Amino acid sequence: MTEKQFETPKQFKQVGNYEPTRQIMPDKLTAPKWYDWDDIKKPTKPSQVKISLLEGRKWAIAELTSVGMPTEDAQDNVDFLLSGALNINYAYLRANITRTMPSDLAAIWPKWLAKLMNNEPVQYILGHAPFYGREFMVDSRVLIPRPETEQLVEWILKDAGSKNGKPVSVLDIGTGTGAIIETLMLENPRVRGFAADISSGALAVAEMNAQRFGLNYLHLVQSDVYSAVEGLEFDIIVSNPPYIATTDEDEMADNVLEYEPHTALFADHDGLAIYEKIAADLALYLSDHGRAYFEIGYKQGQQVVSMMQHALPQAEVTLKKDFSGLDRMVRVVKG
């Protein structure tokens, strides 16, 4: 991609032009700070609820286990919810567990607990999820970012090397929350980000995250793979597409199936349909000596590798495992 193409291509919209279809309440991201806690700053309303974090935690765990949630899962969910709401880590939570729960949190705690009892993912309840050391806004229009995807980002950043030098154009296909492309831009200023998704709702969430991180030069486009980027080339193409086969639904957690968008989870052809679309025209959209990176299902390694080798016979294709020892990532280096 030539330098002049780093100006916004007509297919793309810059951050600020993509209107969200539904706002995520910003107060979910302005977590109480230590100095705002009610046992430090005297509440102005005597009627405010008073309960300690310990009491709230015990009550929540008891309620969750009463509806059949395993005790360990209940503890993990409640601790994640508390630490996420207070913007603290588990160590701080445990060290301060006897302190008074902030009144705003105490007031909403029963509603949040009801959502947990209905199996809603904690990240959707909070309105944000951690990824690569940052909190990304999430709701039911997008998948919740997974830790495995951080390893894909780490691989790309390691290959990219220096943060100084010529700009690098990166297309993220199926951007969802924008976690991949926005992390790349935040970690390496050379990255010129282009985010594509078939879902306008997902693009709205990606834009809200970009605004939150000040990424005014992230470009967004509604596109089915390459359908809206004709004529452009990119130095790097990355995708974490839908890759779960419908026959594998029984391997999925109930709350994932119930709440997360199925269009971002499942794909035809045993979960390989989107890889097939990407591979078919990868040679056209990947610049000379460019690289493509994919997250894959743990059973799809050899199939995706063969697919990419067939699409680009001169390319170097590498399969990489995740921390669990499962096939999880593929890299294609164009010859």
Side-chain angles (χ1 to χ4, degrees), residues 1 5-9 11-18 20 128-138 141-161 163 167-229 232-243 264 274 278 282 285-287 290-295 329-332:
M1 194 169 184
Q5 290 175 295
F6 287 132
E7 299 173 4
T8 306
Q11 297 98 319
F12 286 82
K13 296 181 179 181
Q14 274 191 270
V15 167
N17 296 329
Y18 223 101
H128 54 95
F131 185 83
Y132 215 84
R134 299 179 179 88
E135 292 291 326
F136 282 79
M137 301 167 78
V138 297
R141 292 174 290 179
V142 293
L143 288 185
I144 297 165
R146 265 60 173 186
E148 295 86 351
T149 308
E150 294 184 355
Q151 295 176 245
L152 181 68
V153 168
E154 188 69 35
W155 197 7
I156 298 170
L157 289 171
K158 184 177 179 181
D159 285 352
K163 296 182 179 181
V168 177
S169 57
V170 182
L171 172 65
D172 181 11
I173 297 174
T175 194
T177 60
I180 293 176
I181 188 63
E182 293 174 20
T183 299
L184 292 174
M185 294 176 72
L186 290 163
E187 293 293 323
N188 193 322
R190 295 171 58 205
V191 172
R192 300 295 186 266
F194 299 83
D197 204 294
I198 198 170
S199 165
S200 60
L203 289 169
V205 175
E207 173 161 25
M208 286 190 286
N209 280 314
Q211 289 173 341
R212 182 163 183 252
F213 295 123
L215 296 174
N216 298 321
Y217 295 102
L218 172 63
H219 306 297
L220 303 149
V221 65
Q222 189 168 2
S223 181
D224 182 1
V225 186
Y226 306 116
S227 65
V229 298
L232 301 178
E233 281 189 346
F234 301 91
D235 299 312
I236 295 174
I237 292 174
V238 58
S239 185
N240 177 18
Y243 58 68
I274 308 303
I278 294 173
L282 186 58
Y285 292 95
L286 194 60
S287 64
R291 300 186 299 275
Y293 298 83
F294 306 99
E295 182 171 321
M329 295 160 279
V330 169
R331 180 185 62 190
V332 180

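As the structure is a prediction and not an experimental result, all values here were calculated from the model.
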Inset, instruction - Could you tell me which non-hydrogen atom of F131 sits nearest to which non-hydrogen atom of R146, and how far apart they are? - result: CE1-O, 3.7 Å
Legend entry - Nearest non-hydrogen partners of D235 and P167, listed with the distance: OD2-O, 4.1 Å
Legend entry - CD1-CD distance between I156 and E187, expressed to the nearest 0.5 angstrom: 12.0 Å
Legend entry - Minimum heavy-atom distance between A196 and L203, given as atom pair plus value: C-CD2, 4.5 Å
Legend entry - Heavy-atom donor-acceptor pair, R192 side chain to P189 backbone, under 3.5 Å: yes
Inset, instruction - Ignoring hydrogens and angles, tell me if any N or O in the side chain of Y217 forms a donor-acceptor pair with the backbone of G193 under 3.5 Å. - result: no
Inset, instruction - Output the distance between atom CZ (F213) and atom CG (L218), rounded to the nearest 0.5 Å. - result: 12.0 Å
Inset, instruction - Nearest 0.5 Å please: distance from the NE2 atom of H128 over to the CZ atom of R212. - result: 7.5 Å
Legend entry - Distance, nearest 0.5 Å, that separates OG1 of T175 from CD1 of I198: 14.0 Å
Legend entry - Non-hydrogen side-chain atoms of L232 and F194 separated by less than 4.5 Å: no
Inset, instruction - Measure up the Y285 and Y226 rings against each other and bin them: parallel (under 30°), tilted (30 to 60°), perpendicular (over 60°). - result: parallel
Legend entry - Least distance between heavy atoms, L152 atom then E295 atom: CD2-N, 3.9 Å
Inset, instruction - Would you indicate whether the side-chain heavy atoms of I181 and V238 approach each other to under 4.5 Å? - result: no
Inset, instruction - For the pair V138 and V205, evaluate side-chain contact (heavy atoms from CB on, under 4.5 Å) and give the outcome as yes or no after the intermediate values. - result: CA-CA 7 Å; V138 297; V205 175; 5.7 Å; no
Legend entry - Separation of W155 CH2 from R331 CZ (nearest 0.5 Å): 5.0 Å
Legend entry - Test applied, side-chain hydrogen bond (donor to acceptor under 3.5 Å, both in side chains); reference residue, Y293; option that passes from N240, D159, D172: D159
Legend entry - Y132: which of L186, I180, L157 passes side chain to side chain contact (heavy atoms under 4.5 Å, CB included): L157
Legend entry - Between CG on residue L171 and NE2 on residue H219, distance to nearest 0.5 Å: 12.0 Å
Legend entry - Least distance between heavy atoms, A228 atom then S223 atom: N-OG, 3.0 Å
Inset, instruction - Determine the minimum heavy-atom distance between M137 and N209, stating which atoms define it. - result: N-OD1, 2.7 Å
Inset, instruction - Output yes when a side-chain donor or acceptor of S239 lies under 3.5 Å from a complementary backbone atom of I173, and no otherwise. - result: yes
